[in-house]
Amino acid sequence: MAHPSMLLHRPLASLPSSTFFFLPATLAFFTTLFILFYIFTTPPLFISHQHKHNLKYPLGPSQSSPLTPILPSNGSFHLSAKFPLNDVFGGEDGTLSPVSSRSHFGSKRNSMNDIDVFHDGDIFLEDYHQMNRSFKIYVYPHRRDDPFAHAFLPVDFHPGGNYASESYFKKALMNSHFITKDPRKADLFFLPFSIARLRHDRRVGGGGIQSFIRDYISNISTKYPYWNRTGGADHFYVACHSIGRSAMAKAEEVKLNAIQIVCSSSYFLPGYVAHKDASLPQVWPRTDDPPTITTSKRNKLAFFAGAINSPVREKLVKFWRNDSEIYAHFGRLKTPYADEILGSKFCLHVKGFEVNTARIADSLYYGCVPIILANYYDLPFADILNWKSFSIAVVTVDIPLLKKILRGITSYEYASLRGNVLKVRKHFQWHVPPIDFDAFFMVMYELWLRRSCIRMSND
């Protein structure tokens, strides 16, 4: 028999036909033996659940989350006891209660509220503490005698009105430990103009904001080197009024590069770039603690009240205005707004001129499960919170099926949703001064997630 090495050098035409069958068959035989040997001699592989620090972006409009009815699942996990969890989670009556330490990841609990309100609570808590220790913001300085000081400096009163979130954030930030006067230590740079205050300034107004922002960016890019290093990618501004997005029409770099923290956070409309920008919760300010809530008085299935300023609201009222279970009202209420929310199991957040209103925060404050009728809404804190655990999203074309959808939610599912409403509502409240895990700190965490990984040299 020829030496194996000789076979490699012989012309193919001179090889016997049996050789073409013999070689692959032999290789297959030895490969099979090797695989069987590996399987029987290798111990079983147990894959541990390693937490990865990935930014959990909200689902886009092509996916199911904001566009289809969402019902909760029963999967859950316990959080590690290394953090003060009773500062994060609340009990069913709205009071704080501790959470047990972690058991096996993915195990089931017999608790009624067994759906985790966070995408990953361990990562959130670990990153939250790191953010609190290290995150630094540089704010472009402005003097009190500046002609537009009222638009750049924080207000000296408690903010009020529908767009108060913008003012609450700036007031809290400027008095926080996140501020640094050394730009070399800054992770992000804050553009401190107030869209709401400029809008009401007769020298600017709604029609002049675009030129004002353009000139402001031109000023800071000339006077300081920080904008030009990144094209504004490590800068951010905050605005709650919907004009905040369109205010950047003459400052394309702000719209395309800078981080926009805005209430009108719609995937569908131009000017908002999902995942680069973030959603600011629109919160009607309240100074009192949330009420202690019982379920026995919630006799209405669902409630909505508001102006008919969109086709979605018009459709809702058309179908349900005379219903005995779904209370869809327009115009001025004859009964207190708070009483109507407290008397309803579900509260409808319905798109108006924009996808955002204060109704989600209202619902959470009064312990009512939010029903979201606003397609393409990039929901506040969607990077952090599992909205499926405390709200229901209904696609707007399914408004005629609303009662069927809500009646299809079992008492177990409703109790779970409502219990989680009471857990997350502290994240949708502003305080002066801010407290851990409230709306201010949640927005700061969203910014921390979006900080640049690349530190630019000042040399």
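What you see is a predicted model, and the numbers here were worked out from it, not measured in a lab. Along the sequence shown, the residues carry numbers beginning at 1. Values below: all heavy atoms of this structure, side chains included; hydrogens, waters and symmetry mates excluded.
- Residues R197 and A151 approach most closely at CB-CA, 4.4 Å, considering heavy atoms.
- A salt bridge links K300 to E340: at least one charged side-chain nitrogen sits closer than 4.0 Å to a carboxylate oxygen.
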Original post:
Could you walk me through whether I137 and D187 pass the side chain to side chain contact (heavy atoms under 4.5 Å, CB included) check?
Top reply: CA-CA 6 Å; I137 304 292; D187 297 292; 5.7 Å; no
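- T222 places a side-chain N or O within 3.5 Å of a backbone atom of S218 that can act as its donor or acceptor partner.
- Looking at Y445 and D383, their side chains never bring a donor and an acceptor atom within 3.5 Å of each other.
- Aromatic ring centroids of F236 and F190 lie under 6.0 Å apart.
- T335 and D339 form no side-chain donor-acceptor contact under 3.5 Å, judged by distance and modelled atom types alone.
- Residue K255 holds its NZ atom at 10.0 Å from CE of M248, rounded to the nearest 0.5 Å.
- Using the six-membered ring where Trp is involved, F169 and W430 have ring planes that are perpendicular, over 60° apart on the 30 and 60° scheme.
- In this structure, CG in L153 is found 5.0 Å from CZ in R144, a value given to the nearest 0.5 Å.
- A distance of 6.0 Å or more separates the ring centres of Y327 and F304.
- Checked by atom type and distance alone, the side chain of R451 never pairs as donor or acceptor with a backbone atom of K136 at under 3.5 Å.
- Ring planes of Y414 and F346: perpendicular class, angle over 60° (limits at 30 and 60°).
- For H119 (side chain) and A382 (main-chain N/O), a donor-acceptor pair under 3.5 Å exists by modelled atom type.
- The nearest pair of heavy atoms linking L198 to V204 is O-CB, 3.6 Å.
- Side-chain rings of H349 and Y377 approach one another, their centers coming within less than 6.0 Å.
- Between Q260 and Y237, the side chains place a donor N or O and an acceptor N or O closer than 3.5 Å (distance only, hydrogens not considered).
- Using the six-membered ring where Trp is involved, H235 and F189 have ring planes that are parallel, under 30° apart on the 30 and 60° scheme.
- Atoms CZ and CD1, from R450 and I259 in turn, are 7.5 Å apart once rounded to the nearest 0.5 Å.
- Looking at heavy atoms from C-beta onward, W320 lies out of side-chain contact with L348 at the 4.5 angstrom threshold.
- Put simply, the side chain of V312 reaches to within 4.5 Å of the side chain of I399, judged on heavy atoms.
- With rounding to the nearest 0.5 Å, the separation of SG in C347 from CZ in R359 is 10.5 Å.
- Side-chain contact check for R321 and H329: no donor-acceptor pair (N or O, by modelled atom type) lies under 3.5 Å.
- Counting only heavy atoms from C-beta outward, the side chains of F441 and N132 approach each other to under 4.5 Å.
- No donor-acceptor distance shorter than 3.5 angstrom exists from the side chain of E314 to the backbone of N309, with no hydrogens or angles considered.
- Contact between S264 and S242 at its shortest, heavy atoms only, is OG-CA, 3.6 Å.
- Inter-residue side-chain proximity for C368 and K345 is flagged as unmet; no heavy-atom pair is nearer than 4.5 Å.
- In this structure, F353 and S310 have side chains that are not in contact, with every pair of non-hydrogen atoms separated by 4.5 Å or more.
- The environment of NE2 in H142 is crowded: more than 12 heavy-atom neighbours from other residues, nucleotides or ligands sit within 6.0 Å.
- When ring centroids are compared, F212 and F193 stay outside the 6.0 Å threshold.
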Original post:
Hey, mind stepping through T396 and K315 against side chain to side chain donor-acceptor pair (under 3.5 Å) and telling me if it holds?
Top reply: CA-CA 9 Å; T396 56; K315 185 176 181 178; over 6 Å; no
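- A donor-acceptor pair under 3.5 Å links the side-chain atoms of H427 to the main chain of F437, judged by distance alone.
- For H177 and F135, the ring centers sit 6.0 Å or farther from each other.
- In this structure, F268 places its CZ atom where only 12 or fewer heavy-atom neighbours from other residues, nucleotides or ligands lie under 6.0 Å away.
- Judged by distance alone, with hydrogens and angles left aside, the side-chain atoms of N175 form no donor-acceptor pair with the main-chain N or O of A172 at under 3.5 Å.
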Subject >> Stepwise side chain to side chain contact (heavy atoms under 4.5 Å, CB included) check, K171 with V432 >> reply: CA-CA 8 Å; K171 191 178 181 72; V432 180; 4.1 Å; yes
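- Seen from the ring of F148, R203 counts as a face-on cation partner, given the 6.0 Å and 45° thresholds.
- Using bins of under 30°, 30° to 60° and over 60° for the plane-to-plane angle, the ring pair W387/F390 lands in the tilted bin.
- Taking a 6.0 Å sphere around CZ of F330, one finds it holds 12 or fewer heavy atoms contributed by other residues, nucleotides or ligands.
- A donor-acceptor contact under 3.5 angstrom links the side chains of N356 and Q282, judged on distance only.
- Taking all atoms of both residues into account, the shortest heavy-atom contact from K426 to K423 is CG-O, 4.0 Å.
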Subject >> Worked check of side chain to side chain contact (heavy atoms under 4.5 Å, CB included) between I217 and R214 >> reply: CA-CA 5 Å; I217 298 300; R214 176 199 60 200; over 6 Å; no
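- In this structure, the separation between SG on C240 and CD1 on I261 is 12.0 Å, given to the nearest 0.5 Å.
- At least one side-chain heavy atom of L191 sits under 4.5 Å from a side-chain heavy atom of I220.
- Contact record, G271 with D277: O-OD2, 4.2 Å, taken as the closest heavy-atom pair.
- Looking only at distances, a side-chain donor or acceptor of R313 sits under 3.5 Å from a matching main-chain atom of A307.
- Looking at D323 and K403, a side-chain N of the basic residue comes within less than 4.0 Å of a carboxylate O on the acidic one, giving a salt bridge.
- The shortest side-chain heavy-atom distance between W448 and L188 does not fall under the 4.5 Å cut-off.
- With hydrogens and angles disregarded, a donor-acceptor distance shorter than 3.5 Å links the side chain of S279 to the backbone of D378.
- By the neighbour-count criterion of 12 heavy atoms within 6.0 Å, atom CD of E325 is densely surrounded, having more than that number from other residues, nucleotides or ligands.
- Salt bridge annotation for K170-E166: absent, with no cationic side-chain nitrogen under 4.0 angstrom from a carboxylate oxygen.
- Residues Y128 and F124 bring their aromatic ring centres within 6.0 Å.
- Residues Y216 and F152 bring their aromatic ring centres within 6.0 Å.
- No donor-acceptor pair under 3.5 Å is formed between the side chain of S416 and the backbone N or O of E413.
- Within the 3.5 Å criterion, the main-chain N or O of V369 finds no donor-acceptor partner in the side chain of S363.
- Here the shortest heavy-atom pairing between G244 and A239 reads CA-CB, 4.0 Å.
- To the nearest 0.5 Å, atom OG of residue S134 and atom CZ of residue F178 are 9.0 Å apart.
- The side-chain heavy atoms of F440 and V443, taken from C-beta on, include no pair separated by under 4.5 Å.
- Using a cutoff of 4.0 Å between basic side-chain nitrogens and carboxylate oxygens, R286 and D362 are scored as salt-bridged.
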**OP:** Kindly indicate, with the supporting measurements, whether the criterion side chain to side chain contact (heavy atoms under 4.5 Å, CB included) is fulfilled by I384 and E446.
**Re:** CA-CA 8 Å; I384 312 161; E446 289 277 29; 4.2 Å; yes
